[in-house]
**Q** 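Handing you a structure now.
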Amino acid sequence: MTDPIRAPSSEGRAAAGAHRGLAPRRSTDAPSDPFRRRVGSRHAVGAAILSVALAWLSVPAAAQDRADAIRLPDSSRFPESVTSLADGTLFVSSIADGGVLKITGNGAVTTAFLKPGDHGTRSTFGLLVDAARGLLWVASNDATALGATGPTTTEGGWVKAFDLATGALERSVRLPGERTLANDFAVGKDGTLYVTDTFAPRILRLTPGATTLDVFVENEALKKGLDGIAFGADGNLYVNTFLGGELFRIEVKDGRAGAVRQLGTSRSLTFPDGLRAYGDGFLMVEGSGALSRVTVNGDVARIDTLRRFAGPTGLTTVGGRIWVAEGQLGLVAEVAKGSSAMPSFHLRAADAE
């Protein structure tokens, strides 16, 4: 990845303007003494500086100011997911503190889209923008078992939808069962929401207008910690398991689940997490550090590592870039016990191509 191009300083621009005023008049006479030769040399240097300054000024503002890392505030520790709007706005969840951050201005402006604990939310996990319906889907959970108590005492796993424009709560549905954890989302073309339940071998479904979640598929093969989920270009659902290091395809036909098939992988997966469709394949992060491109051919997936990060948990693509949340979840329990210092947390960017 190339370094960002920076605009010249105000002093540099002032110097460039001054050199525009120093441009020499054209003359048919060559300098006849050392003093005039020195003046001519200075004018040549000034013209060169002016050319460089104008070249810098012609660089688009987006290229000048493009951020490659955004440090998250200390009130949003252990980010689990990141999602985005087409204009580059980013939303980030937090397992430790809850709430949802909204980041605009290429990382310059951070506000609370959802304040910690609002609307009965607790530790926030998966996020997904549904731009077609103007919604932000948020997974909220009691993550005490993972070492994060969160900002409230709300029990269970929940799926909540907020209006992207106003922040108003539009839908709030609890996962059925006593021990649940809503992890990540995929949205079908008809607006149906699909949710991975990490504490059970099932994918739940919330259809438009429904007030309860129903089981889309339940299969013992999915028992090792369902996590990332995304629709493939073939219309089927693909999921991974965080603890099992597995990748599955779930056939979808006429809105119903078909065969559940584990895919072979070109290398082993270690704590696979966020999964998002990209091109004719997927992008995926693993808690062990890798950001990879996933290409499925039949029943085998080729895993090509693109870059490595510090404990990545989620990703989103916008404007030809991949933003990765460094959740560092392996430190949650250690920090809670006081055996490890609190790290800093970042979103980091990589070029998509």
Side-chain angles (χ1 to χ4, degrees), residues 1-13 52-53 55-97 99-115 124 126-129 131 136 138 164 167 273-279 283-287 289-293 305-329 331 342-353:
M1 179 168 58
T2 57
D3 292 331
I5 300 174
R6 301 191 182 276
S9 66
S10 58
E11 292 83 355
R13 292 192 184 99
V52 171
W56 280 113
L57 291 171
S58 69
V59 175
Q64 297 174 14
D65 303 329
R66 191 174 76 164
D68 288 329
I70 300 170
R71 177 165 179 169
L72 301 177
D74 293 340
S75 57
S76 188
R77 299 165 300 165
F78 296 105
E80 205 281 334
S81 184
V82 58
T83 188
S84 58
L85 295 174
D87 66 1
T89 299
L90 300 169
F91 299 90
V92 189
S93 63
S94 168
I95 286 181
D97 300 300
V100 176
L101 288 180
K102 180 179 180 180
I103 301 175
T104 57
N106 196 31
V109 181
T110 300
T111 56
F113 176 84
L114 172 68
K115 293 180 180 180
T124 48
L127 302 178
L128 187 64
V129 163
L136 175 66
V138 179
L164 278 167
D273 205 317
L275 180 70
R276 290 290 178 254
Y278 184 77
L283 293 170
M284 181 175 68
V285 291
E286 299 167 64
L291 162 68
S292 301
R293 188 186 302 277
T305 300
L306 305 177
R307 274 190 59 182
R308 300 190 68 83
F309 297 87
T313 49
L315 70 127
T316 188
T317 58
V318 59
R321 310 190 81 200
I322 307 166
W323 281 100
V324 173
E326 292 185 325
Q328 304 179 75
L329 298 189
L331 297 177
M342 182 67 69
S344 59
F345 298 95
H346 297 79
L347 300 182
R348 298 193 190 274
D351 293 330
E353 298 295 342

**Q** Can you give me the closest heavy-atom contact between G99 and T124, atom names plus distance?
**A**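 Heavy-atom minimum between the residues: O-OG1, 2.8 Å.
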**Q** Do the side chains of V129 and L85 get nearer than 4.5 Å, heavy atoms only?
**A**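 They are in side-chain contact.
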**Q** Closer than 4.0 angstrom, basic N to acidic O: yes or no for R321 and D68?
**A**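 So R321 pairs with D68 through a salt bridge.
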**Q** Given side chains that start at C-beta, do those of L283 and I322 come closer than 4.5 Å, heavy atoms only?
**A**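 Yes. Closest side-chain heavy atoms under 4.5 Å.
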**Q** State whether the side chain of D97 and the backbone N or O of R77 hold a donor-acceptor pair below 3.5 Å, judged by distance alone.
**A**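 Indeed, once roles are kept as given, a pair shorter than 3.5 Å links the two residues.
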**Q** For the pair T89 (side chain) and T104 (backbone), establish whether a donor and an acceptor sit closer than 3.5 Å, ignoring hydrogens and angles.
**A**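 Checked: no pair found.
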**Q** With rounding to the nearest 0.5 Å, note down the distance linking CG in L114 to OG in S94.
**A**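 That separation rounds to 11.0 Å.
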**Q** Can you find a pair of side-chain heavy atoms, one from V82 and one from V324, that are under 4.5 Å apart?
**A**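 No, their side chains stay 4.5 Å or more apart.
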**Q** Heavy atoms only: give me the nearest R276-L315 pair and the separation to one decimal.
**A**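 For R276 and L315, the tightest heavy-atom pair comes out as CG-O, 3.7 Å.
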**Q** Looking only at heavy atoms, what is the nearest atom pair of A290 and R308, with distance?
**A**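 Between these two residues, the closest heavy atoms are CB-NH1, 3.8 Å.
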**Q** Could you tell me which non-hydrogen atom of S84 sits nearest to which non-hydrogen atom of T317, and how far apart they are?
**A**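 Closest approach of S84 to T317, heavy atoms only: OG-O, 3.6 Å.
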**Q** How long is the straight-line distance from CD of E80 back to OG1 of T313, given to the nearest 0.5 Å?
**A**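 Those atoms lie 5.5 Å apart.
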**Q** Is there side-chain contact between L136 and L128, with heavy atoms separated by less than 4.5 Å?
**A**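 No; the side chains remain at least 4.5 Å from each other.
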**Q** Please say whether more than 12 non-hydrogen atoms of neighbouring residues, nucleotides or ligands are located less than 6.0 Å from CG in D87.
**A**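 Count over threshold, so yes.
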**Q** Is there a side-chain contact between L306 and S292 in this structure, where contact means two heavy atoms from C-beta onward sitting under 4.5 Å apart?
**A**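 No, their side chains stay 4.5 Å or more apart.
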**Q** For the side chain of T110 and the backbone of I103, is there at least one donor-acceptor N/O pair under 3.5 Å apart?
**A**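 Checking the backbone N and O of I103 against the side chain of T110, no donor-acceptor pair under 3.5 Å is found.
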**Q** Give the minimum heavy-atom separation between R293 and A352, together with the two atoms involved.
**A**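 Nearest heavy atoms, R293 then A352: NH2-O, 3.3 Å.
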**Q** Using the side chain to side chain contact (heavy atoms under 4.5 Å, CB included) rule, take L72 and L101 through it: C-alpha gap first, then chi angles, then the decisive distance, then the call.
**A** CA-CA 9 Å; L72 301 177; L101 288 180; 4.2 Å; yes
**Q** Would you say S93's side chain and L127's backbone share a donor-acceptor pair under 3.5 angstrom?
**A**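 Judged by distance alone, no pair lies under 3.5 Å.
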**Q** Keeping the roles fixed (side chain from T316, backbone from T83), state whether a donor-acceptor pair exists under 3.5 Å.
**A**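 Flag not set: sc T316 to bb T83 has no pair under 3.5 Å.
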**Q** Taking A310's backbone N and O only, do any of them form a donor-acceptor pair with E326's side chain (distance below 3.5 Å, no angle check)?
**A**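 Checking the backbone N and O of A310 against the side chain of E326, a donor-acceptor pair under 3.5 Å is found.
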**Q** According to the ring-ring contact (aromatic ring centres under 6.0 Å, His included) rule, which pairs have a member within residues 72-91, sequence neighbours left out?
**A**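 Listed by first then second residue: F78-F345, F91-F113.
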**Q** Please confirm whether the backbone N or O of A349 pairs with a side-chain atom of R307, one donor and one acceptor, at under 3.5 Å?
**A**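 Side chain of R307 to backbone of A349: a pair is present.
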**Q** Looking at every heavy atom in both G289 and P312, which two are closest together, and how far apart are they?
**A**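 Looks like CA-CD, 3.5 Å.
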**Q** Quick check: do L90 and L347 have side-chain heavy atoms less than 4.5 Å from each other?
**A**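 L90 vs L347: side chains touch.
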**Q** Measuring only between side-chain heavy atoms, which start at C-beta, is S344 closer than 4.5 Å to R71?
**A**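 Yes; the side chains approach each other to less than 4.5 Å.
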**Q** What I'd like to find out is whether the side chain of W323 reaches to under 4.5 Å of the side chain of V318, using heavy atoms alone.
**A**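 Yes, close enough: below the 4.5 Å cut-off.
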